[in-house]
Amino acid sequence: LAGERDLNFLVTTDEGKYVAKIQSAADHGFLQAQNRALAHLESFPALREPRVVTTRDGHDLVTLNDGRSLRVLTWLDGHMWSQDATREQVTALGRTVGAVDQALVDLDLRELAEHVQRPFGWNVLQTRDLLEHIELVSDDNLRQTVARILRHAVAELVPALEAMPAQVIHNDANENNIVVAGGQVSLIDFGDTTEVARGDYQDMGRRLRSQIMECDGVVVSMENLRGDFTVRDPAEDAVGHGKASSIATPHNGTLTPILG
């Protein structure tokens, strides 16, 4: 099976299907955190997430002879969101992501904090770290625009987020981590699980919008949510009047400011 940082194998037995996952010894602590999150979700019967399969003596991780870690999860039947999804299932997906994150609110991982607070470029709480690598953006105009947005975030957003309660979330509901079976939507792959601020993200969105508006009239379009940025002058847009009135919701992997 496909995998970004681990080796994944489909195991078929008379009792059912499972996924055997082998990962580097360096990830042992983070795998413990993932297993704890999955075990925590088992107490919420409405959720259909993978379950951790333990050994006969109760261990959820096995260290192989070469030091790598092995764990086994239950297999979820269904098809991937990337293969087929309806507009009706978008609502079910939102409910599932919300329900999973809500279920994880009281998960206590203090003894594994270093793993869920690890360096992670997608965590807005670590925006300061992104500024340290701003020189990697080769285009001068683009680099200046991105730097202004990041500095605004560091000055305004990050302090507000740091003052909020924190919790662990799944954090990676991309189209290949979503399994659809009938009317039910499930999340797999907790490999991006991280600790984030828990608070009023509508307010955070308004603050982010105001930051984009303040960046010298330049509108940034974040294509595919993967860091491939394009920049244009609103004056060149047929409907642009120099400011962003709202932020569009993601559609087909694109987040684009709506000008008006």
> Do Thr194 and Val196 have side chains that get closer than 4.5 Å, going by heavy atoms?
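Yes, side chains in contact.
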> Under a 3.5 Å threshold, yes or no: a donor from one side chain and an acceptor from the other, between Asn171 and Asp192?
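No, no side-chain donor-acceptor contact under 3.5 Å.
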> Say you draw a straight line from CG of Asn177 to CG of Asp189; how long is it, rounded to the nearest 0.5 Å?
4.0 Å
> Are side-chain heavy atoms of Leu1 and Trp75 found at a separation under 4.5 Å?
yes
> Is there a path of hydrophobic side-chain contacts, each under 4.5 Å between heavy atoms of I, L, V, M, F, W or Y residues, that connects Ile178 with Leu47?
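Ile178 clusters together with Leu47.
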> Has Arg36 got a side-chain atom pairing as donor or acceptor with Asp108's backbone, closer than 3.5 angstrom?
yes
> Indicate yes or no: at least one non-hydrogen side-chain atom of His170 is less than 4.5 angstrom from one of Val97.
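Not touching, per the 4.5 Å side-chain cut-off.
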> Just by modelled atom types, is the Asp84 backbone N or O under 3.5 Å from a matching donor or acceptor in the His79 side chain?
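Here the side-chain-to-backbone pair exists.
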> Output, in order, the C-alpha distance, side-chain angles, deciding distance and verdict of side-chain contact (heavy atoms from CB on, under 4.5 Å) for Leu73 and Arg51.
CA-CA 5 Å; Leu73 306 178; Arg51 299 199 170 195; over 6 Å; no
> Any side-chain heavy atom of Asp77 sitting closer than 4.5 Å to one from Lys17?
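Yes; the side chains approach each other to less than 4.5 Å.
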> For Val19 and Val72, run side-chain contact (heavy atoms from CB on, under 4.5 Å): C-alpha distance rounded to whole Å, both residues' side-chain angles, the deciding distance at 0.1 Å, then the answer.
CA-CA 6 Å; Val19 180; Val72 176; over 6 Å; no
> So Val180 and Gln89, do their side chains get closer than 4.5 Å, heavy atoms only?
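Sidechains of Val180 and Gln89: in contact.
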> Side chains of Tyr18 and Thr13: does their closest heavy-atom pair fall under 4.5 Å?
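Tyr18 reaches Thr13 side chain to side chain.
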> Determine whether Met164 and Leu125 fall in the same hydrophobic cluster, where Ile, Leu, Val, Met, Phe, Trp and Tyr are linked whenever their side-chain heavy atoms lie under 4.5 Å apart.
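Met164 clusters together with Leu125.
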> Can you name the closest pair of heavy atoms from Ala25 and Gly67 and give their distance?
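That closest heavy-atom pairing would be CB-O, 2.9 Å.
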> Under the criterion salt bridge (Lys or Arg N to Asp or Glu O under 4.0 Å), I'd like the reasoning laid out for Glu156 against Arg151: C-alpha separation, chi angles, the key distance, then a yes or no.
CA-CA 8 Å; Glu156 301 292 337; Arg151 289 191 189 104; over 6 Å; no
> Quick one: closest heavy-atom pair of Leu76 and Ser186, and the distance?
CD1-CB, 3.7 Å
> Rounded to the nearest 0.5 Å, what separates atom CD in Glu132 from atom CD in Gln126?
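Answer rounded to 0.5 Å: 11.0 Å.
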> Which atoms form the tightest heavy-atom contact between Leu31 and Arg71, and what is the distance?
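Nearest pair, atom of Leu31 first, then Arg71: CD2-NE, 3.7 Å.
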> Measure from the side-chain N and O atoms of Asp60 to the backbone N and O of Thr54, and report whether any donor-acceptor pair falls under 3.5 Å.
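Judged by distance alone, no pair lies under 3.5 Å.
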> Do you know the tightest heavy-atom contact between Thr193 and Phe30?
O-CE1, 3.5 Å
> Quick one: does Arg5's side chain get under 4.5 Å of Gln23's, heavy atoms only?
yes
> Assigning hydrophobic clusters by single linkage (Ile, Leu, Val, Met, Phe, Trp, Tyr; side-chain heavy-atom cutoff under 4.5 Å), is Val154 placed with Ile134?
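Yes.
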> Minimum heavy-atom separation for Ala103 to Leu41, with atom names?
CB-CD2, 3.6 Å
> Atom CZ of Arg128 and atom CG of Leu150: how far apart are they, to the nearest 0.5 Å?
12.0 Å
> If Ile, Leu, Val, Met, Phe, Trp and Tyr residues are connected whenever their side-chain heavy atoms lie under 4.5 Å apart, and connections chain through other members, are Val62 and Val53 in the same group?
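They do not share one cluster, since no chain of ILVMFWY contacts under 4.5 Å joins Val62 to Val53.
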> Give a yes-or-no answer on whether the side chains of Asp139 and Asn141 include a donor-acceptor pair shorter than 3.5 Å.
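Note: Asp139 and Asn141 side chains miss the donor-acceptor criterion.
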> Ignoring hydrogens and angles, tell me if any N or O in the side chain of Thr127 forms a donor-acceptor pair with the backbone of Ala153 under 3.5 Å.
no
> In this structure, are over 12 heavy atoms from other groups packed under 6.0 Å from Arg143 atom CZ?
yes
> Between Arg118 and Glu195, does at least one N-O distance fall below 4.0 Å, as a salt bridge requires?
no
> First locate atom CD1 of Ile188, then atom CG of Leu38, and finally report the distance between them rounded to the nearest 0.5 Å.
11.0 Å
> Taking 4.0 angstrom as the limit, do Glu42 and Arg48 come out as a salt bridge?
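No salt bridge links Glu42 with Arg48.
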> List the steps and the verdict of side-chain contact (heavy atoms from CB on, under 4.5 Å) for Leu70 and Leu61.
CA-CA 6 Å; Leu70 166 68; Leu61 278 173; over 6 Å; no
> Apply side-chain contact (heavy atoms from CB on, under 4.5 Å) to residues Asp106 and His40 and explain how you reach the verdict.
CA-CA 9 Å; Asp106 58 352; His40 185 80; 2.9 Å; yes
> Could you measure the distance from the OG atom of Ser69 to the CG atom of Asp6? Nearest 0.5 Å is fine.
11.0 Å
> Could you report the tightest heavy-atom contact between Pro159 and Ala155, atom names first, then the distance?
CG-O, 3.5 Å
> Find out if a path of hydrophobic residues (ILVMFWY) with successive side-chain heavy-atom gaps under 4.5 Å connects Phe190 to Phe120.
no
> State, with a plain yes or no, whether a side-chain heavy atom of Ile22 is found less than 4.5 Å away from one of Phe9.
yes
> How about Asp57: does its CG atom have over 12 heavy atoms from other parts shown lying under 6.0 Å from it?
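Yes - once you tally the heavy atoms of other residues, nucleotides and ligands closer than 6.0 Å, there are more than 12.
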> At what distance, to the nearest 0.5 angstrom, does CG of Leu93 lie from CG of Leu187?
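Between Leu93 CG and Leu187 CG, I get 7.0 Å after rounding to 0.5 Å.
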